[in-house]
Amino acid sequence: MPEGPGHLRQPDPERSRWIGLAAVGAAAVVAFVLTVGVFLPSIDAIVTQATSVGSRTAAPLPDTILVCNREYAKGSSGASTLESIRASADREPVVVSTDPGCPSGVCLEGGLCLTVVYLNAGPDAYVAFELLEGP
């Protein structure tokens, strides 16, 4: 068959097959890298570091916090909603943060402090922290 500017060559079917296989292989490598690099760490973070509250998840929390120079330890009951805390407590729960300081309502002037405070762990998720040493 003559070759020149007016003639087109027929593509080699073997070469086309190899190019197709290379494209599929490259796509498989990209999919694997994305799965390992992006999705698995996200799933691991959800499973191992989050405290579950119904269908919600709460951020990981420290085991102890310092409030009004008193040490409070994370309770074992997990996270609760404000509604459920209000229903089981005889007063409004006092919500604190991990920032140092002494929020209003935690301690009285005489040195007596609440035995339980709550830390916000996510949207409507609160974890009880209990005073380690006397009131």
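By convention here, the first residue in the shown sequence is residue 1.
- The shortest heavy-atom contact between V96 and I65 is CG2-CD1, 3.9 Å.
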Side-chain donor-acceptor pairs of residues 22-29 under 3.5 Å, sequence neighbours excluded:
none

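- Using modelled atom types, no side-chain atom of N120 and backbone atom of V95 make a donor-acceptor pair closer than 3.5 Å.
- Every residue two or more places apart in sequence or in another chain was checked for a salt bridge (charged side-chain N to carboxylate O under 4.0 Å, His left out) with D99, and none qualifies.
- Under the side-chain hydrogen bond (donor to acceptor under 3.5 Å, both in side chains) criterion, S84 pairs with T81, sequence neighbours left out.
- The CG atom of L119 sits 6.5 Å away from atom OG1 of T98, with the distance rounded to the nearest 0.5 Å.
- Judged as a side-chain contact (heavy atoms from CB on, under 4.5 Å), and not counting sequence neighbours, the contacts of L21 are R17, W18.
- By the side-chain hydrogen bond (donor to acceptor under 3.5 Å, both in side chains) test, E92 pairs with R86, sequence neighbours left out.
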Full working for side chain to side chain contact (heavy atoms under 4.5 Å, CB included) between K74 and V127: CA-CA 7 Å; K74 183 168 48 172; V127 175; 3.6 Å; yes
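- Taken from SG in C102 to CZ in R70, the straight-line distance is 9.5 Å, to the nearest 0.5 Å.
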Side chain to side chain contact (heavy atoms under 4.5 Å, CB included) assessment of T115 paired with F129: CA-CA 8 Å; T115 56; F129 278 75; over 6 Å; no
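- L61 is connected to Y72 through a chain of hydrophobic side-chain contacts under 4.5 Å among Ile, Leu, Val, Met, Phe, Trp and Tyr, so both are in one cluster.
- I85 is linked by a side-chain contact (heavy atoms from CB on, under 4.5 Å) to S80, P93, Y118, Y126, counting only residues two or more places apart in sequence or in another chain.
- With a 4.5 Å cut-off on side-chain heavy atoms, L131 and V116 do not count as touching.
- Between C68 and C107, the sulfur-to-sulfur (SG-SG) separation does not fall under 2.5 Å.
- Put simply, the side chain of S97 does not reach to within 4.5 Å of the side chain of P103, judged on heavy atoms.
- Between S104 and V94, the shortest heavy-atom distance links the atoms O-CG1, 4.4 Å.
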